Structure formats: structure tokens, C-alpha cells
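Each remark here refers to the structure printed beneath this line.
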Amino acid sequence: MRSKALRLAVTAALLSAVLAGCALLLGGPAPAPAAPPADFPEGYYREALAHGKRVFRVDSHESLVVIEVRRSGSLARLGHDHVVASREVVGYVAPDEGRADLYVALARLAVDEPALRAEAGFDTQPSESDIEGTRSNMLEKVLEAEKFPFALIRVSGAKAKEKKTTLAVAITLHGHMRTLQVPAEIEADAEKMSVAGRLAFNQSDFGITPYSLLGGAIAVKDGLDLRFRIRARRLSGAG
């Protein structure tokens with residue numbers, strides 16, 4: 001009986017760890033880094049603006065990036081699918097050059113907003129304790145966010161006069177850079193613009209090992225689906 005009780009206690013402890021750690025990414029936002037990435041080319045856009053070129057600044061309050069993270073493994077039923085979102089995209093667009101540079105502070109990602117889960121077709125809602133319990137796993141073990149605190153995005157081929165186009169999107173994440181061809185729709189006038197699209201990529205393409213437990217019995221799928229809506233407003237000559 002004592003042996004059986006010990007086995008039950010160990011099983012309960014494992015399940016508790018699984019349920020606390022099944023998510024990949026952050027719950028509520030954490031304090032953002034105080035400054036942009038050291039290699040973010042903000043000077044390029046300041047110079048372009050100073051020379052009279054059109055420069056748009058991303059409106060973070062109206063922009064959204066959403067990533068759908070799905071579970072896998074033989075015990076996937078014990079985990080959750082997740083929706084990770086950034087509502088704090090920072091960056092600039094130079095439409096006459098067909099260029100944009102953006103960044104996201106990983107510590108500011110939010111997970112499992114109910115409305116976004118509903119849009120993704122997920123019919124459950126993880127508890128706050130489940131979400132918060134994953135924070136150290138994501139920051140320390142998965143994304144190594146202390147060492148790689150940002151996702152950087154450089155876009156080329158963005159022609160404001162073309163409503164439907166294909167963008168070359170170079171993403172730098174976890175110390176790796178990959179360029180993807182992304183179909184997108186652009187709407188623009190003299191003072192504002194909006195770019196929307198979808199893409200899919202693998203975490204392993206960026207040197208990230210998808211989170212897993214119990215030898216992969218509970219795991220996160222390597223493939224992620226991302227959709228975005230970036231809105232920007234034109235800067236005046238004074239910035």
C-alpha cells in the first residue's frame with residue numbers, strides 16, 4: 001500500500017508539472033526592455049524623413065500579431081493549444097523604398113486572450129495559474145529571452161500602390177535569421193497604411209527546440225501559424 005501511495009503521489013506531481021508547464025509562451029505582459037535592439041535601423045528612417053521622404057510609424061495600438069501554438073504527443077489531451085499575441089509592435093515603413101523594419105519585445109507577448117482563442121477555434125480557456133506557470137520555461141528554456149530579447153522583422157517589396165503583393169520578410173529570432181515569402185494585402189493613402197497577411201514557419205528553423213515533457217508525450221508542435229495586421233501613420237517632417 002505504501003508503494004502504491006508513493007506511485008500515486010509521483011503521478012500527481014508529474015501531472016501538476018505538466019498542467020503548469022504545457023504552454024509555450026508568456027501569460028501577461030512583463031516589463032519591456034527600455035531601449036530598442038542595438039541593431040535596429042531607426043537612424044535610416046530619421047535620415048529618410050530629414051530628406052523629405054515619406055516615412056510611416058507603426059501604430060502599436062492598432063496593430064496585432066497573432067501566433068497559434070498547437071499541442072502534440074500521446075498525452076496531448078492533458079495540455080492546451082495556445083494563442084500568443086503582440087499588441088506592441090514597434091517600427092517604421094518607408095513605402096517609396098518598399099522597406100519596413102519592425103521589432104517585438106518578447107517579454108511583452110500575451111497569451112490566450114479569450115477573443116483570440118475563439119477566433120482560432122479553441123474551445124477551452126487555460127487558467128491564469130497554468131499560463132503564469134509557463135513563464136520561466138519560455139524565457140529561460142525555450143526562447144532564451146534574456147540573451148535574445150527581441151524578434152526583429154525586415155520587410156522588402158512593400159509597394160504601397162499594389163493592394164495584393166508578396167513580401168520578402170526576414171525574421172531574426174533566437175539568434176537566427178530566415179527570409180520567408182509572404183502574400184499580403186496593402187491598403188494605403190497619403191496619411192496611413194495597413195498591411196495584413198499570414199505565414200507559417202517552424203520553431204526549429206530558428207534553432208528553437210519545441211517545448212516538451214515526459215519524453216515528448218506532451219509537446220508543442222514545431223510548426224506555428226502567424227497572422228498579422230500592421231497599421232502605420234505618416235510622420236511629419238518634425239517626426
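Just so it is clear, the structure is predicted and the values come from calculations on it, not from any experiment.
Around CZ of Arg178, the count of heavy atoms belonging to other residues, nucleotides or ligands within 6.0 Å exceeds 12.
The line from CD1 of Ile153 to OG1 of Thr172 is 8.5 Å long, rounded to the nearest 0.5 Å. Remark: Thr165 OG1 to Ile186 CD1 distance equals 5.5 Å, nearest 0.5 Å. Rounding to the nearest 0.5 angstrom, the gap separating the CZ atom in Phe40 from the CG atom in Leu152 is 7.5 Å. Going from atom NZ of Lys164 over to atom OG1 of Thr166 covers 11.0 Å, rounded to the nearest 0.5 Å. To the nearest 0.5 Å, atom OG of residue Ser236 and atom CG of residue Leu49 are 7.0 Å apart. Note: Ile171 CD1 to His176 NE2 = 14.0 Å, rounded to the nearest 0.5 Å.
Residues Val83 and Val104 do not share a hydrophobic cluster, clusters being chains of Ile/Leu/Val/Met/Phe/Trp/Tyr side chains in contact below 4.5 Å. Val84 and Leu226 fall within the same hydrophobic cluster, where Ile, Leu, Val, Met, Phe, Trp and Tyr residues are linked whenever their side-chain heavy atoms come under 4.5 Å apart, directly or through other members. When hydrophobic clusters are built by joining Ile, Leu, Val, Met, Phe, Trp and Tyr residues whose side-chain heavy atoms come closer than 4.5 Å, directly or via intermediates, Tyr103 is not grouped with Met177. Both Leu173 and Phe228 are assigned to one and the same hydrophobic cluster, defined by single-linkage of ILVMFWY side chains at heavy-atom distances under 4.5 Å. Taking hydrophobic clusters as Ile, Leu, Val, Met, Phe, Trp and Tyr residues chained together by side-chain heavy-atom distances below 4.5 Å, Leu64 does not share a cluster with Leu224.
When only modelled atom types and interatomic distance are considered, Tyr45 and Asp101 share a side-chain donor-acceptor pair under 3.5 Å.
Ring geometry, Phe148 versus His174: the interplanar angle falls from 30° to 60°, so the pair is classed tilted.
Closest heavy-atom contact between Ala200 and Leu180: O-CD1, 4.3 Å. Thr179 and Ala168 get closest at one heavy-atom pair: CG2-CB, 4.3 Å. Taking each heavy atom of Ala105 and Phe150 in turn, the nearest pair found is CA-CD2, 3.9 Å. Taking each heavy atom of Ala94 and Tyr44 in turn, the nearest pair found is CB-CE2, 4.5 Å.
Of the candidates Arg233, Lys192, Arg231, Asp59 forms a side-chain hydrogen bond (donor to acceptor under 3.5 Å, both in side chains) with just one, namely Arg233. Partner of Asp96 under the salt bridge (charged side-chain N to carboxylate O under 4.0 Å, His left out) criterion, out of Lys53, Arg234, Arg54: Arg54 alone.
Looking at Ser63 and Val58, their side chains come closer than 4.5 Å, going by heavy atoms from C-beta outward. For the pair Met193 and Val93, the minimum side-chain heavy-atom distance is below 4.5 Å. Here the side chains of Pro41 and Arg154 are in contact, with some heavy-atom distance below 4.5 Å. For the pair Val65/Ile230, a side-chain contact is recorded, criterion being any heavy-atom separation below 4.5 Å from C-beta on. Ser156 is not listed as a side-chain neighbour of Arg99, based on a closest heavy-atom distance of 4.5 Å or more. In this structure the side chain of Asp225 reaches within 4.5 angstrom of the side chain of Arg70, judged on heavy atoms. No side-chain heavy atom of Leu199 sits under 4.5 Å from any side-chain heavy atom of Val169. Put simply, the side chain of Ser86 does not reach to within 4.5 Å of the side chain of Arg108, judged on heavy atoms.
Under the side chain to side chain donor-acceptor pair (under 3.5 Å) criterion, Asp205 pairs with no residue at all, not counting sequence neighbours.
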**OP:** Walk me through it: do Phe206 and Phe201 pass the test ring pair (Phe, Tyr, Trp, His ring centres under 6.0 Å)?
**Re:** CA-CA 9 Å; Phe206 296 90; Phe201 63 93; 5.7 Å; yes
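Salt-bridge formation is not detected for the pair Lys163/Glu185: no Lys NZ or Arg NE/NH1/NH2 atom is positioned less than 4.0 Å from an Asp or Glu carboxylate oxygen. A salt bridge links Glu113 with Arg87: the closest approach of a Lys/Arg side-chain nitrogen to an acidic carboxylate oxygen falls below 4.0 angstrom.
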Which side-chain N or O atoms in residues 114-121 pair as donor and acceptor under 3.5 Å with protein atoms at least two apart or in another chain?
unit_1, atom_1, unit_2, atom_2, d
Arg117, NE, Thr124, O, 2.6
Arg117, NH1, Asp81, O, 2.7
Arg117, NH1, Asp112, OD1, 2.8
Arg117, NH2, Thr124, O, 2.7
Arg117, NH2, Thr124, OG1, 3.2
Glu119, OE1, Arg227, NH2, 2.6

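Under a 3.5 Å cut-off, the side chain of Glu144 and the backbone N or O of Gly175 do not form any donor-acceptor pair. Checked by atom type and distance alone, the side chain of Asp222 never pairs as donor or acceptor with a backbone atom of Asn202 at under 3.5 Å.
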